[in-house]
Amino acid sequence: MKKSLILAAVLAVAVSSVSASPLIWRGASTLKPMQLMVLVPNGYMQTARGYDWDNSEWKDLADDKKTTVIKFLPMVGLGLFKGLELGVVAPLYSKSKGDHSSLGLGDAWLKARYGVLKGKLTPVKLTLSVAAILPTAPEDANPSLGDRTLDFGFGAIAQTQKLAGFIGHLRLGYWLNGKYTKTVEEVEKEYDVGNMFEYVVKVDYKFNKKTGVFLSVGGMMLAETKVDGVTNAKSAKDRHEAWFGAIWKPIPKLAIRPKVGVPLEFACKGGSLQPFDIGLDFWVTLP
């Protein structure tokens with residue numbers, strides 16, 4: 001099993017970092033009517049440091065406290081009519097921490113996007129996005145594969161037209177997170193997850209129709225969680241990360257995107273942190 005996980009990490013390592021949720025994964029271009037997109041981001045990361053709230057600093061984690069995550073996040077999108085598309089994301093995770101491991105479906109996604117500004121003559125394209133996360137992860141998974149809350153997100157995605165090979169992106173999202181219950185020492189407690197803001201600032205450069213590179217900075221800010229109505233001040237999280245990647249289109253309908261992400265530790269706080277993410281996305285558009 002261990003060898004299989006290592007092989008999977010080598011073959012599929014990817015976009016599913018904290019730098020963006022599926023709400024704002026893509027640029028502002030929308031699918032054509034009846035056009036189908038299959039997006040397969042896969043990822044690998046291992047946490048190495050935990051945040052010390054008392055001293056406001058990051059400290060190394062013991063080996064049994066580190067969490068290794070392999071992620072497969074397939075998404076299917078369909079254009080319904082001009083400017084409107086629907087999508088479904090079925091996230092699959094393999095996680096291990098100390099003597100515990102879990103494998104299976106996380107919390108699934110439903111989302112919709114609509115292009116508000118989409119003409120070729122406008123200097124900026126603008127697309128609005130909405131999404132819902134459903135509590136489909138198993139309740140008994142350890143480590144957890146999802147928080148099993150019903151969450152709603154709202155996003156805006158702006159993208160410039162290509163100028164001298166460059167395309168700029170600004171993506172913003174806000175999440176209204178839900179509640180869940182958990183039994184701690186035989187006492188059932190209610191957890192009210194704080195709301196979250198996320199963003200991505202990205203620049204693409206296209207060498208030609210088949211190759212390009214990109215650089216992005218993205219992250220999220222998660223508010224404190226309330227436990228039985230009492231705010232847990234140490235549950236907030238800030239994450240900011242820089243990504244560098246390449247784009248290769250071996251055939252017109254397929255794009256392959258290897259990438260590497262590095263957290264900006266000085267701007268992060270709360271929870272645990274990985275030293276890097278590595279990634280490989282596959283995008284297929286039909287017809």
Side-chain angles (χ1 to χ4, degrees), residues 9-32 35-45 71-77 79 83 85 87 113 115-127 129 155-173 198-219 240-264 275-287:
V10 172
L11 293 178
V13 284
V15 70
S16 51
S17 90
V18 297
S19 63
S21 76
L23 179 70
I24 55 173
W25 259 353
R26 293 169 43 224
S29 297
T30 55
L31 297 174
K32 299 174 183 177
Q35 189 174 40
L36 182 70
M37 168 176 278
V38 179
L39 173 58
V40 188
N42 313 289
Y44 171 80
M45 54 163 272
K71 315 170 190 180
F72 302 86
L73 307 180
M75 186 209 81
V76 176
E85 62 179 65
R113 290 161 37 101
V116 180
L117 297 175
K118 48 187 179 291
K120 292 183 179 181
L121 299 179
T122 60
V124 177
K125 296 179 182 179
L126 177 64
T127 292
S129 178
I157 303 156
Q159 175 182 325
T160 67
Q161 301 287 0
K162 185 165 66 173
L163 178 62
F166 290 95
I167 300 174
H169 304 259
L170 175 62
R171 309 174 191 172
L172 306 174
E198 63 173 330
Y199 72 95
V200 171
V201 179
K202 180 171 178 277
V203 176
D204 296 331
Y205 180 76
K206 302 292 182 65
F207 295 107
N208 50 52
K209 291 183 178 181
K210 289 190 174 183
T211 58
V213 294
F214 61 88
L215 177 66
S216 69
V217 175
H240 307 278
E241 199 165 21
W243 283 90
F244 175 77
I247 304 167
W248 176 45
K249 293 186 175 181
I251 56 176
K253 299 297 183 180
L254 171 65
I256 301 173
R257 302 186 177 212
K259 56 169 48 173
V260 177
V262 179
L264 306 176
F276 61 87
D277 295 84
I278 49 178
L280 186 64
D281 302 350
F282 296 90
W283 295 30
V284 178
T285 307
L286 301 171

Counting distance only, does the side-chain N/O of Ser216 pair as donor-acceptor with the main-chain N or O of Lys202 below 3.5 Å? no
Is the shortest heavy-atom distance from the side chain of Val217 to the side chain of His240 under 4.5 Å? no
Can you tell if the side chain of Pro22 reaches within under 4.5 Å of the side chain of Met75, non-hydrogen atoms only? no
More than 12 heavy atoms of other residues, nucleotides or ligands under 6.0 Å from NZ of Lys249: is that the case? no
Could you check whether any side-chain N or O of Ser129 sits under 3.5 Å from a backbone N or O of Gly155, counting only pairs where one atom can act as donor and the other as acceptor? no
NZ of Lys206 to CZ of Phe214: how many Å apart, nearest 0.5 Å? 11.0 Å
Work out which heavy atom in Gly115 is nearest to a heavy atom in Thr30; give both atom names and the distance. N-CG2, 3.9 Å
Testing the basics here: between Pro41 and Trp25, what is the closest heavy-atom pair and its distance to 0.1 Å? CG-CH2, 3.6 Å
Please answer whether the main-chain N or O of Ser29 pairs with a side-chain N or O of Arg113 as donor and acceptor at a distance below 3.5 Å. yes
Check Leu117 against Val124 and note the closest heavy-atom contact, atom names and distance. CB-O, 3.7 Å
Side-chain heavy atoms of Leu172 within contact of Ile24, under 4.5 Å: no
Are Trp243 and Asp277 packed together at the side-chain level, in the sense that at least one heavy-atom pair is separated by less than 4.5 angstrom? yes
Does some side-chain heavy atom of Val200 sit less than 4.5 Å from a side-chain heavy atom of His169? no
For residues Val38 and Phe282, determine if any side-chain heavy atom of one lies less than 4.5 Å from a side-chain heavy atom of the other. no
Would the number of heavy atoms belonging to other residues, nucleotides or ligands and lying under 6.0 Å from NZ of Lys253 be above 12? yes
For Ala158 and Ala28, the nearest pair of non-hydrogen atoms, with its separation, is C-CB, 4.5 Å
Within a radius of less than 6.0 Å around CG of Leu286, do more than 12 heavy atoms belonging to other residues, nucleotides or ligands occur? yes
Can you spot which of Lys32, Lys118, Arg26 makes a salt bridge (Lys or Arg N to Asp or Glu O under 4.0 Å) with Glu85? Arg26
Looking only at atom types and distance, does a side-chain atom of Thr127 sit under 3.5 Å from a main-chain N or O of Ile157, one as donor and one as acceptor? no
Do Leu39 and Trp283 have side-chain heavy atoms sitting under 4.5 Å apart? yes
Looking at NZ of Lys210 and CD1 of Ile247, how far apart are the two atoms once the value is rounded to the nearest 0.5 Å? 15.0 Å
